[in-house]
Amino acid sequence: MAKFPLETIRHSAAHVLAQAVLHFFPTAQLGIGPAIENGFYYDFDLETSLTDEDLNKIEQKMEEIIKENQQFTSYSTDKETANSFLKEKNQTYKLDLIDSLDGDSFTFFENGPFVDLCKGPHVEQTREIGAIKLLRVSGAYWRGSEKNPMLQRIYGTAFSNRKDLKSYLKRMEEAKKRDHRLLGKTLDLFSITEEVGGGLVLWHPKGALIRHLIESYWKTEHLNNDYDFVLSPHVGKADLWEKSGHLSFYEENMFSAIDVDDQKYYVKPMNCPFHILVYKNKPKSYRELPIRYAELGTVYRYERSGVLHGLLRVRGFTQDDAHIICTEEQMKEEIKSVTLFTINMLKAFGFEKIKFYLATRPDEKYVGEIAHWKDSEDALEEAIKSLGLPYEIDHGGGAFYGPKIDVKIEDAIGREWQCSTIQFDFNLPERFDMTYIGQDGEKHRPYMIHRAIFGSLERFFGVLVEHYEGNFPVWLAPTQVSILTVNEKVSHYAKKLASDLKQKGVRVDLDTSSEKIGYKIRKASAEKIPYMFIVGDKEVESNTISVRRHQKGDLGVMTVDQAFLSVLDESKTM
RNA sequence: GCCGGCGUAGCUCAGUUGGCAGAGCAACUGACUUGUAAUCAGUAGGUCAUUGGUUCGAUUCCGAUCGCCGGCUCCA
């Protein structure tokens with residue numbers, strides 16, 4: 001049992017880092033140095049760029065400081081003393097920091113020759129920091145704003161002992177192997193090439209097949225849950241985007257206009273305006289509500305080049321979009337059922353741990369009436385509560401146009417991803433003057449809920465690849481069974497098996513090449529094919545199959561029926 | 001977009017005082033007829049990201065551009 005929480009250890013390590021940096025670069029200006037989720041960082045303003053060698057040197061110096069077992073002590077001063085002390089040290093960023101802090105008492109922590117403005121807490125002696133490792137250096141704006149100068153941020157991690165550090169670094173290595181960009185290449189699922197453009201995905205046959213399976217499942221489930229499909233074009237006139245407000249609030253994220261017959265058209269960054277126009281095409285009665293329009297709508301958004309990241313952040317992607325338009329009375333039930341639907345859908349893909357975050361009305365910029373906000377926030381909260389789901393409230397975290405529930409899923413190695421989102425929209429119904437005729441014969445404004453379960457198919461697919469480490473469950477595997485022959489004499493038997501399996505709807509691959517069985521197994525394993533059916537003379541004679549399951553190994557000899565049943569059983573959704 | 005790093009064959013990577021460009025895997029051809037994670041031999045494959053400059057000579061040194069990677073900012 002460690003004496004101090006990791007956070008304290010890491011925060012102390014950040015101080016030691018700053019101390020080591022000042023040792024080599026005495027004129028360095030210090031930014032901030034907090035503990036973060038998996039370690040710590042410290043920002044520095046330096047004249048030269050740090051190299052890997054610098055990092056090594058700094059790390060060694062840190063080790064020395066830790067060994068020296070310096071004592072951490074603290075003292076407080078008033079603002080004036082703090083200011084003059086920092087001025088003397090020429091720490092302009094720290095001065096800026098003090099400037100923005102209230103109160104007149106400032107704590108400094110001191111260890112060895114190093115003093116830093118800091119509210120603590122810290123370990124008592126540097127040796128209690130345990131094991132540290134510097135990971136990388138990168139740029140970071142002072143106070144996170146592009147308008148400020150860019151500092152150099154050194155990231156590191158610290159643990160109370162060497163063993164924990166080692167196992168953390170090992171886990172990082174393991175996580176790297178799951179990287180969907182790497183697996184996308186080795187499993188031949190997709191590519192992104194500069195010849196097309198950054199953030200634009202080419203889906204290869206295997207990836208496209210998996211996506212097809214995801215989409216068909218999605219479509220079936222939506223029909224079962226009383227959604228109506230709509231389809232909308234990829235571009236629309238400027239006036240439409242003017243009316244929706246996208247051109248005033250979202251233009252920097254949109255691709256530039258296209259000129260057609262002297263009219264400006266824009267590629268869609270969202271599907272909502274189209275769905276609203278479907279709704280508005282005819283007057284609606286309260287009897288028709290709720291209306292649920294769903295579309296796998298491909299949108300394009302301009303993203304700054306530096307933020308693109310594999311499938312997780314792209315410029316062209318397909319949202320599994322839906323808009324639920326309902327009356328006030330229907331709102332609660334709709335939220336509840338869409339939440340339940342979302343959970344069931346995510347579970348089908350192996351995501352069992354799901355967290356909900358309710359984001360409420362921002363304090364300042366928002367549209368719509370407070371009463372409506374309150375009602376919808378209540379509806380959201382009640383839905384999560386009534387389903388007995390754990391959730392957190394993000395006060396003021398909603399969009400300007402409505403409150404929302406963000407759903408985060410935890411993958412196989414405990415990382416959280418946000419895909420699903422359920423949001424109210426008070427803005428667009430107003431802008432488009434959406435109405436329905438109520439029982440009283442009067443026009444009423446409906447509630448609109450915008451939701452996506454996968455978020456984007458690209459991102460969801462990327463998360464899925466990492467979650468499964470490319471070992472897709474049988475129902476999603478592009479090839480479900482690979483039939484491997486021991487020698488060429490048994491090709492006929494193997495072919496018969498292949499065509500029988502195909503008949504039953506199994507995606508099967510046949511390897512009758514003149515390679516050794518070991519080579520074929522290695523190849524099928526590398527492709528992460530769930531089932532290997534190995535057949536040789538023995539199997540032909542006894543009308544059996546030697547079954548090998550990916551990641552499990554040899555399952556032994558089975559009758560053909562048994563083997564088929566095993567595959568078919570696992571091929572079912574979920 | 002900003003800071004830093006990196007761009008050599010389809011893939012993974014060698015290639016330092018600047019002197020004709022290399023390996024393994026994959027592909028193709030042939031031989032081997034194989035029993036649970038790599039049989040052997042051969043063939044083909046590169047404007048060393050692009051583009052300027054320095055030099056007798058540049059994959060190597062310098063600059064610019066493009067792209068990728070790690071972050072910042074932003075986000076489905």
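Per chain, numbering begins at 1; letters A, B, ... match sequence-line order.
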>> At 4.0 Å (heavy atoms only), tell me whether A/R153 reaches a base, stays on the sugar-phosphate, or touches nothing.
In response: sugar-phosphate
>> Considering every strand and a 4.0 Å limit on heavy-atom distances, what is the contact class for A/E458: base, sugar-phosphate, or nothing?
In response: nothing
Is the NZ or CZ atom of [X] positioned over [Y]'s six-membered ring, under 6.0 angstrom from the centre and within 45° of the axis?
| X | Y | value |
| --- | --- | --- |
| A/R431 | A/F426 | no |
| A/R361 | A/Y366 | yes |
| A/K528 | A/F472 | no |

>> Which residues pass the ring pair (Phe, Tyr, Trp, His ring centres under 6.0 Å) test with A/Y519, not counting sequence neighbours?
In response: none
>> Which residues pass the ring pair (Phe, Tyr, Trp, His ring centres under 6.0 Å) test with A/Y93, not counting sequence neighbours?
In response: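 Listed in chain order: A/W142.
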> Where does the angle between the aromatic ring planes of A/W203 and A/F190 fall among parallel (under 30°), tilted (30 to 60°) and perpendicular (over 60°)?
Replying inline: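 Geometry flag for A/F190 against A/W203: tilted rings.
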> Rounded to whole angstroms, how far apart are CD on A/E195 and P on B/G7?
Replying inline: 20 Å
Short N/O separations, protein against nucleotides 9-17 of chain B, under 3.5 angstrom:
unit_1, atom_1, unit_2, atom_2, d
B/U12, OP1, A/K185, NZ, 3.2

Pairs: protein N or O with nucleotides 67-69 of chain B N or O, under 3.5 Å:
unit_1, atom_1, unit_2, atom_2, d
B/C69, OP1, A/R181, NH1, 3.2

> Which dot-bracket string fits RNA chain B when only Watson-Crick or G-U wobble pairs with both atom distances under 3.5 Å count, crossing pairs get [ ], and | stands for a partner on a different strand?
Replying inline: (((((((..((((.....[..)))).(((((.......))))).....(((((..]....))))))))))))....
>> At less than 4.0 Å, is any side-chain N or O atom of A/Y300 found next to OP1 or OP2 of B/A76? Yes or no.
In response: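 Negative; the distance criterion is not met.
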> Is it true that A/E410 and A/K353 make a salt bridge, defined as a side-chain N closer than 4.0 Å to a carboxylate O?
Replying inline: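 Between A/K353 and A/E410 there is a salt bridge, with a charged N closer than 4.0 Å to a carboxylate O.
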Output a table of nitrogen or oxygen pairs between the protein and nucleotides 30-33 of chain B separated by less than 3.5 Å.
unit_1, atom_1, unit_2, atom_2, d
B/C32, N4, A/S514, OG, 2.6
B/U33, O2, A/E488, N, 3.2
B/U33, N3, A/E488, OE2, 3.2
B/U33, O4, A/E488, OE1, 3.3
B/U33, O4, A/E488, OE2, 2.9

